[in-house]
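Structure, as structure tokens:
A, B, ... follow the sequence lines: proteins, then strands. Residue 1 opens every chain.
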Amino acid sequence: MRIATWNVNSIRTRVDRVTDWLARADVDVLAMQETKCKDAQFPTMPFAALGYEIAHVGHNQWNGVAIASRVGLEDVQIGFDGAPSWQDIAEARAIGATCGGVRVWSLYVPNGRTLADPHYPYKLEWLAALRDAASSWTGPVALVGDWNIAPTDEDVWDPAVFEGSTHVSAPERAAFQAVIDAGYSDVVRPYTPGPGVYTYWDYTQLRFPKRQGMRIDFILGSADFAQRVTHAEIVREERKGKAPSDHAPVLVELT
DNA sequence: ATGCCTTCGAAACGAAGA
């Protein structure tokens, strides 16, 4: 079984690129982030034509997460228990479903904006709540998506540029590590060693051709998931060409 | 080749992204 995650940066803009890749890459389950649409606006038809069911949650033009699966889509859950709200609104940042016997969570971790912004403590609270919820989940579980954290200095193209910014702060890195300590591991890194290996490149300033990116999209697997992984890759080819997302898909293969 | 930012909704710009 092949499972992937991709911050698509608007599914309506990107649906052709996404479905083309799904078919080409023989993906069974795709978790998407930043769909940037309401449920009724999600383009389900091109996915259905390829045999994929869709679970999606989106309330407006921001955030939005989905799972496309051609191996079943059961027990869909929108949000996880204890997730904090942002300005009294429960945002569309997490959706879970069981696909082919694997519990898949598509996650879009809050950005944080700046260290002084209220969005930053919200990000940390959101991650702590995820850790708490995920601690009780059993069996093959995959926590996948855009984590908006570069866990080490090696995961940004120039640590000096990010000094004092979100994504690299010690509390964010500790919050990421806490999820790992709860029983999850990065199943992609062993197959994609650094340095200079990224999943995101800013649209501005030729960041992609200059290979100046960040590694912020992850597939974290429970022990039961991780032991089944036989291959993983970051598909940077999908960052190329006409109208790409600013993120590349990340893919794992399981026995 | 990898190419100088892109998305949305509302208004013809601004917020958000990381």
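Regarding contacts with the backbone of B:dA18, a side-chain N or O of A:Asn111 is found under 4.0 angstrom from either OP1 or OP2. Checking the phosphate oxygens (OP1, OP2) of B:dT6, no side-chain nitrogen or oxygen of A:Asn9 falls inside 4.0 Å. The side chain of A:Asn63 contributes no N or O atom lying less than 4.0 Å from OP1 or OP2 of B:dA16. A sub-4.0 Å separation between OP1 or OP2 of B:dT7 and a side-chain N or O of A:Arg14 is present. The side chain of A:Thr13 places no N or O atom within less than 4.0 Å of a non-bridging phosphate oxygen (OP1 or OP2) of B:dT6. Here A:Arg207 does not reach the OP1 or OP2 of B:dC5: none of its side-chain N or O atoms lies under 4.0 Å away. Distances shown here put a side-chain N or O of A:His247 below 4.0 Å from the OP1 or OP2 atom of B:dA18. OP1 or OP2 of B:dG9 has at least one side-chain nitrogen or oxygen of A:Gln41 nearer than 4.0 Å. For the pair A:Tyr203 and B:dA16, the criterion of a side-chain N or O lying under 4.0 Å from OP1 or OP2 is not met.
Backbone-only contact: A:Tyr200 has heavy atoms under 4.0 Å from sugar-phosphate atoms and none from a base. At a threshold of 4.0 angstrom between heavy atoms, the contacts of A:Asp146 are confined to the sugar-phosphate backbone, with no base atom among them. A:Gly112 comes within 4.0 angstrom of nothing in the nucleic acid, heavy atoms only. Nucleic acid contact for A:Trp62: base, since at least one base atom lies under 4.0 Å from a heavy atom of the residue. As judged by a 4.0 angstrom heavy-atom cut-off over every strand, A:Asn7 is placed among residues touching the sugar-phosphate backbone only. Residue A:Tyr108 is in sugar-phosphate contact alone, with no base atom involved, counting any heavy-atom pair closer than 4.0 Å across all strands shown.
When the nearest nucleotides of DNA chain B are assigned to A:Ala243 and A:His167 by heavy-atom distance, the more 5′-ward of the two goes with A:Ala243. Nearer to the 5' terminus of DNA chain B, by closest-nucleotide assignment, is the contact made by A:Phe208 (compared with the other of A:Ile216 and A:Phe208).
Side-chain polar atoms of A:Asn111 and A:Lys123 form no donor-acceptor pair below 3.5 angstrom. Between the side chains of A:Asp88 and A:Ser85, no donor N or O sits under 3.5 Å from an acceptor N or O.
Distance CD (A:Glu172) to P (B:dA18): 12 Å, rounded to an integer number of Å. Following rounding to the nearest Å, A:Ile11 (CD1) and B:dT7 (P) show an atom-to-atom distance of 13 Å. Atom-to-atom, CD of A:Gln61 to P of B:dG17 comes out at 11 Å; the value is rounded to the nearest Å. Atom P of nucleotide B:dA15 and atom CD of A:Gln87 are separated by 14 Å, given to the nearest angstrom. Rounded to an integer number of Å, the gap from A:Gln212 CD to B:dA18 C1' is 15 Å. If you take CZ of A:Phe162 and P of B:dG17, they are 16 Å apart, rounded to a whole angstrom. Atom CD in A:Glu163 sits about 21 Å away from atom P in B:dA18, given to the nearest Å.
In this structure, A:Glu237 does not pair ionically with A:Arg24, as no charged nitrogen and carboxylate oxygen lie closer than 4.0 Å. Ion pairing between A:Asp202 and A:Lys210 fails under the 4.0 Å rule for side-chain N and carboxylate O. Taking 4.0 Å as the cut-off between side-chain N and carboxylate O, A:Arg70 and A:Asp28 count as a salt-bridged pair.
Listed for the A:Ser222 side chain is a donor-acceptor partner under 3.5 Å among the backbone atoms of A:Val141.
As rounded to the nearest Å, B:dA10 and B:dA15 have C1' atoms that lie 12 Å from one another. If you take atom P in B:dA16 and the same atom in B:dC4, they sit 26 Å apart, rounded to whole Å.
Checking B:dT7, B:dG9, B:dA18 against the side-chain heavy atoms of A:Ser10 singles out B:dT7 as nearest. For A:Arg113, taking side-chain heavy atoms from C-beta onward, the closest of the listed nucleotides B:dA16, B:dA18, B:dC4 is B:dA16.
Taking syn as a glycosidic angle within 90° of 0, B:dA11 does not qualify and is anti.
With sequence neighbours left out, A:Arg173 forms a salt bridge (Lys or Arg N to Asp or Glu O under 4.0 Å) with A:Asp153.
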